[in-house]
Peer 1: 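Let me give you the structure first, and then I'll get to my questions.
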Amino acid sequence: MKIIHQKENILFSRKEIHADVESATTPKKQEIEKFLSEKFGVPSENVEVKKIGGKFGSKIFNVVAFVYDSNELKEQIETRPKKKAAAAA
């Protein structure tokens, strides 16, 4: 994984990461969360993978992810789909 752009967003207390991943298959969110959590020294719950995109026939995938300072901030800021919100309630 090669980090292309990293921005510190002070308002939301998070790091916004744009990276390229070279893989034969589409990488899983859990793999990316694990890598970023190890790189930035935070638990994997604090990492939110927003997008994994690639072009047809290419082995390079673009990843957009947010690394939050705490899980509480992530839960306050990130929206959840209605199915997950209903299951959590």
Side-chain angles (χ1 to χ4, degrees):
M1 181 178 283
K2 180 180 175 186
I3 295 178
I4 303 299
H5 179 72
Q6 177 180 339
K7 178 184 174 187
E8 184 75 29
N9 190 329
I10 298 169
L11 179 65
F12 291 119
S13 299
R14 69 182 179 198
K15 295 176 185 71
E16 298 174 0
I17 310 295
H18 294 260
D20 283 344
V21 178
E22 188 170 341
S23 177
T25 60
T26 304
K28 302 207 180 317
K29 282 188 173 186
Q30 292 83 10
E31 295 172 359
I32 295 170
E33 286 175 357
K34 182 181 176 189
F35 176 81
L36 290 175
S37 67
E38 290 173 358
K39 178 155 182 68
F40 292 104
V42 297
S44 61
E45 300 91 44
N46 295 2
V47 179
E48 179 70 26
V49 178
K50 298 304 265 182
K51 177 184 170 189
I52 302 172
K55 294 184 180 178
F56 182 77
S58 176
K59 294 183 180 182
I60 298 175
F61 297 90
N62 301 324
V63 175
V64 177
F66 298 155
V67 179
Y68 287 90
D69 292 340
S70 69
N71 195 28
E72 292 80 26
L73 288 170
K74 177 187 166 190
E75 294 296 324
Q76 288 177 348
I77 296 169
E78 291 294 326
T79 58
R80 293 186 286 178
K82 288 184 179 181
K83 289 181 183 179
K84 287 186 180 181

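Every heavy atom of this structure was used, including side-chain atoms; hydrogens, water molecules and symmetry mates were not.
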Peer 1: Taking distance alone, no hydrogens or angles, what donor-acceptor pairs closer than 3.5 Å link side-chain atoms of residues 43-52 to residues at least two apart or in another chain?
Peer 2:
{"from": "Asn46", "atom 1": "OD1", "to": "Asn71", "atom 2": "N", "distance (Å)": "3.2"}
{"from": "Glu48", "atom 1": "OE1", "to": "Lys74", "atom 2": "NZ", "distance (Å)": "3.4"}
{"from": "Lys50", "atom 1": "NZ", "to": "Glu78", "atom 2": "OE1", "distance (Å)": "2.8"}

Peer 1: In chain order, what residues pass the side chain to side chain contact (heavy atoms under 4.5 Å, CB included) check against Asp20, with sequence neighbours excluded?
Peer 2: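 Applying side chain to side chain contact (heavy atoms under 4.5 Å, CB included) to Asp20 gives Ile4, Ile60, Asn62.
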
Peer 1: Please indicate whether Glu75 has more than 12 foreign heavy atoms, meaning atoms of other residues, nucleotides or ligands, lying under 6.0 Å from its CD.
Peer 2: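 Result for CD/Glu75: enclosed.
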
Peer 1: Do Val21 and Ile17 share a hydrophobic cluster, counting only Ile, Leu, Val, Met, Phe, Trp and Tyr and linking them when any side-chain heavy atoms are less than 4.5 Å apart?
Peer 2: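 Looking at the clustering, Ile17 is in the same group as Val21.
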
Peer 1: Please find the pair of heavy atoms, one from Phe61 and one from Thr25, that lie closest to each other, and give the distance.
Peer 2: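 Of all heavy-atom pairs spanning Phe61 and Thr25, the closest is CE1-O, 3.6 Å.
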
Peer 1: Can you list everything that forms a side chain to side chain contact (heavy atoms under 4.5 Å, CB included) with Glu31? Sequence neighbours excluded, please.
Peer 2: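 Result, side chain to side chain contact (heavy atoms under 4.5 Å, CB included) vs Glu31: Pro27, Lys28.
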
Peer 1: Side chain to side chain donor-acceptor pair (under 3.5 Å): which pairs involve residues 7-18, sequence neighbours left out?
Peer 2: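 Qualifying pairs, neighbours excluded: Asn9-Glu16, Arg14-Glu16, Arg14-Tyr68.
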
Peer 1: Could you state whether Val42 and Phe12 fall into the same hydrophobic cluster, counting links through intermediate Ile, Leu, Val, Met, Phe, Trp or Tyr residues with side-chain heavy atoms under 4.5 angstrom apart?
Peer 2: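 No, Val42 does not connect to Phe12 through the hydrophobic network.
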
Peer 1: Run the side-chain donor-acceptor check on residues 34-41: report pairs under 3.5 Å with partners two or more places apart or on a different chain.
Peer 2:
{"from": "Ser37", "atom 1": "OG", "to": "Glu33", "atom 2": "O", "distance (Å)": "3.2"}
{"from": "Ser37", "atom 1": "OG", "to": "Lys34", "atom 2": "O", "distance (Å)": "2.8"}

Peer 1: Do Val67 and Val63 share a hydrophobic cluster, counting only Ile, Leu, Val, Met, Phe, Trp and Tyr and linking them when any side-chain heavy atoms are less than 4.5 Å apart?
Peer 2: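 Linked, Val67 and Val63 end up in one cluster.
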
